Chemist: 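Here you go, one structure.
Remember, it's a predicted structure, so these values are computed and weren't measured experimentally. The figures that follow rest on heavy atoms only: side chains count, while hydrogens, waters and symmetry mates do not.
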Amino acid sequence: MNKYKLTLAPKFKKEKLAKNLWLGFLITDETFALAITKLNYTKGKLNYDWMNASNIVAYAAWTLAGLAGCLLGNLVSDTKALGLDYAVIAMFLGLLYLQLITDQSLKIELQLIMIGGTMVLTYIGMIILPASATTIVVTVVSCLVGMGIKHVYFK
C-alpha cells in the first residue's frame, strides 16, 4: 500500500499534513485504482474532497458488506452456486479493464503484453515454485521484464 501513497502524494502536497495522513490511512487497492483512472480523465488533477469521499464510500461499503455477511452468511450454504467465490476476482478484472482503457501514459500494446506475460509467468510459477514464493517472484520478474520492454520497444 505504501506504493499507492507515494504515487498519489504529489497530488496532495498543498494539503495539510493531517489531511495527507488521513488519506494515506484510508487508501485501498480499489480507491487507488479509481484515483489513477480519475487522473487519466482529468489530466493529472486530483483533489482532497474527491479522494476522501472515495475512501469513505469504499470503507462504508466494505463495513456494510461485512455486516451483511455476518448477519446473513449462514443463509447461504453454497457460495459457489451463487458465483460469490468469484466476486473479488471480477472486481479486480473490472479495475484492470478500467486501467487499460483509460491509462494514457502507457501504450495499450505494452499493457496487454505485460498482462499476458504475467499470466504465463504465474502459471509457470505455480508449477515450479512454492505458492508462497510465486507472487513475489512473478511480481519482481514481471516488473523487470516490463521495464526492459518499455525502454527498448516503447520509448
Side-chain angles (χ1 to χ4, degrees), residues 1-108 110-119 121-123 125-126 130-143 146-147 150:
M1 296 268 200
N2 286 331
K3 64 182 179 254
Y4 299 160
K5 297 167 192 169
L6 291 173
T7 301
L8 295 178
K11 304 300 177 191
F12 301 104
K13 61 184 168 189
K14 293 182 181 178
E15 298 294 338
K16 292 182 179 181
L17 177 61
K19 285 184 170 184
N20 283 320
L21 290 172
W22 176 249
L23 289 180
F25 173 72
L26 289 179
I27 196 159
T28 64
D29 296 334
E30 297 80 11
T31 57
F32 176 76
L34 288 172
I36 294 300
T37 300
K38 183 164 178 70
L39 286 170
N40 288 319
Y41 277 110
T42 60
K43 297 182 174 125
K45 295 180 183 173
L46 195 60
N47 67 53
Y48 173 83
D49 291 333
W50 183 89
M51 191 72 214
N52 191 41
S54 296
N55 286 334
I56 290 171
V57 168
Y59 270 94
W62 182 36
T63 302
L64 291 173
L67 179 61
C70 289
L71 297 174
L72 305 172
N74 290 334
L75 299 175
V76 179
S77 58
D78 184 15
T79 58
K80 290 182 181 180
L82 297 173
L84 296 177
D85 58 328
Y86 187 69
V88 172
I89 295 168
M91 177 195 63
F92 279 107
L93 287 173
L95 292 172
L96 176 63
Y97 172 74
L98 287 174
Q99 180 69 23
L100 278 172
I101 65 171
T102 61
D103 190 350
Q104 298 166 357
S105 66
L106 295 172
K107 293 193 177 193
I108 194 159
L110 174 60
Q111 293 183 61
L112 293 173
I113 288 168
M114 291 312 305
I115 291 169
T118 302
M119 290 170 63
L121 285 173
T122 301
Y123 180 77
M126 290 171 59
S132 59
T134 300
T135 302
I136 295 169
V137 171
V138 169
T139 299
V140 171
V141 171
S142 294
C143 287
M147 286 188 318
K150 180 181 177 188

Chemist: Under a 4.5 Å cut-off applied to non-hydrogen side-chain atoms, are Leu8 and Leu23 in contact?
Modeler: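 Of all side-chain heavy-atom pairs linking Leu23 with Leu8, none is under 4.5 Å.
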
Chemist: Going from CD1 on Ile101 to CD1 on Ile108, what distance comes out if it is rounded to the nearest 0.5 angstrom?
Modeler: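 Taking CD1 in Ile101 and CD1 in Ile108, the distance rounds to 8.5 Å.
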
Chemist: When the side chains of residues 51-60 are checked against the rest of the protein, which donor-acceptor pairs come out under 3.5 Å, sequence neighbours left out?
Modeler:
| residue | atom | partner | partner atom | Å |
| --- | --- | --- | --- | --- |
| Asn52 | OD1 | Trp22 | NE1 | 2.6 |
| Ser54 | OG | Trp50 | O | 3.0 |
| Asn55 | OD1 | Thr31 | OG1 | 2.9 |
| Asn55 | ND2 | Met51 | O | 3.4 |

Chemist: Can you tell me how far the CE atom of Met114 sits from the SG atom of Cys143, to the nearest 0.5 Å?
Modeler: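 Going from the CE atom of Met114 to the SG atom of Cys143 covers 7.5 Å.
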
Chemist: Which atom pairs, one a donor and one an acceptor, fall under 3.5 Å between side chains of residues 71-78 and the rest of the protein, sequence neighbours left out?
Modeler:
| residue | atom | partner | partner atom | Å |
| --- | --- | --- | --- | --- |
| Asp78 | OD1 | Lys80 | N | 3.3 |

Chemist: Looking only at heavy atoms, what is the nearest atom pair of Gly125 and Thr134, with distance?
Modeler: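 Minimum heavy-atom contact is O-OG1, 3.3 Å.
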
Chemist: Quick one: do Val141 and Val137 satisfy side chain to side chain contact (heavy atoms under 4.5 Å, CB included)? Show the steps, please.
Modeler: CA-CA 6 Å; Val141 171; Val137 171; 4.2 Å; yes

Chemist: Check the pair Leu100 / Ile115 against side chain to side chain contact (heavy atoms under 4.5 Å, CB included), numbers first and verdict last.
Modeler: CA-CA 10 Å; Leu100 278 172; Ile115 291 169; 3.8 Å; yes

Chemist: Is there a side-chain contact between Tyr97 and Leu93 (heavy atoms, below 4.5 Å)?
Modeler: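 In short, these two side chains do not touch, never coming nearer than 4.5 Å.
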
Chemist: With rounding to the nearest 0.5 Å, note down the distance linking CG in Leu34 to OG1 in Thr28.
Modeler: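 It comes to 8.0 Å.
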
Chemist: If you count the non-hydrogen atoms of other residues, nucleotides and ligands that lie under 6.0 Å from CE in Met119, is the total more than 12?
Modeler: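 Open: at most 12 neighbouring heavy atoms sit under 6.0 Å from CE of Met119.
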
Chemist: For the OH atom on Tyr123, are there more than 12 heavy atoms of other groups (residues, nucleotides or ligands in this structure) within a distance under 6.0 Å?
Modeler: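 No, because the 6.0 Å sphere around OH of Tyr123 holds 12 heavy atoms or fewer from other groups.
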
Chemist: Mind listing the side-chain donor-acceptor pairs of residues 9-21 below 3.5 Å, one per line with the distance, residues two or more places apart or on another chain?
Modeler:
| residue | atom | partner | partner atom | Å |
| --- | --- | --- | --- | --- |
| Lys11 | NZ | Gly44 | O | 3.2 |
| Asn20 | ND2 | Phe12 | O | 3.2 |
| Asn20 | ND2 | Glu15 | O | 3.4 |

Chemist: Could you pull out the closest heavy-atom pair between Gln99 and Gln111, with the gap in Å?
Modeler: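 So the two residues come closest at O-OE1, 3.9 Å.
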
Chemist: Any chance you could measure Lys5, atom NZ, to Leu26, atom CG, to the nearest 0.5 Å?
Modeler: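 Answer rounded to 0.5 Å: 9.5 Å.
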
Chemist: Between Leu95 and Phe32, does the side chain to side chain contact (heavy atoms under 4.5 Å, CB included) criterion hold? Intermediate values first, please.
Modeler: CA-CA 10 Å; Leu95 292 172; Phe32 176 76; over 6 Å; no

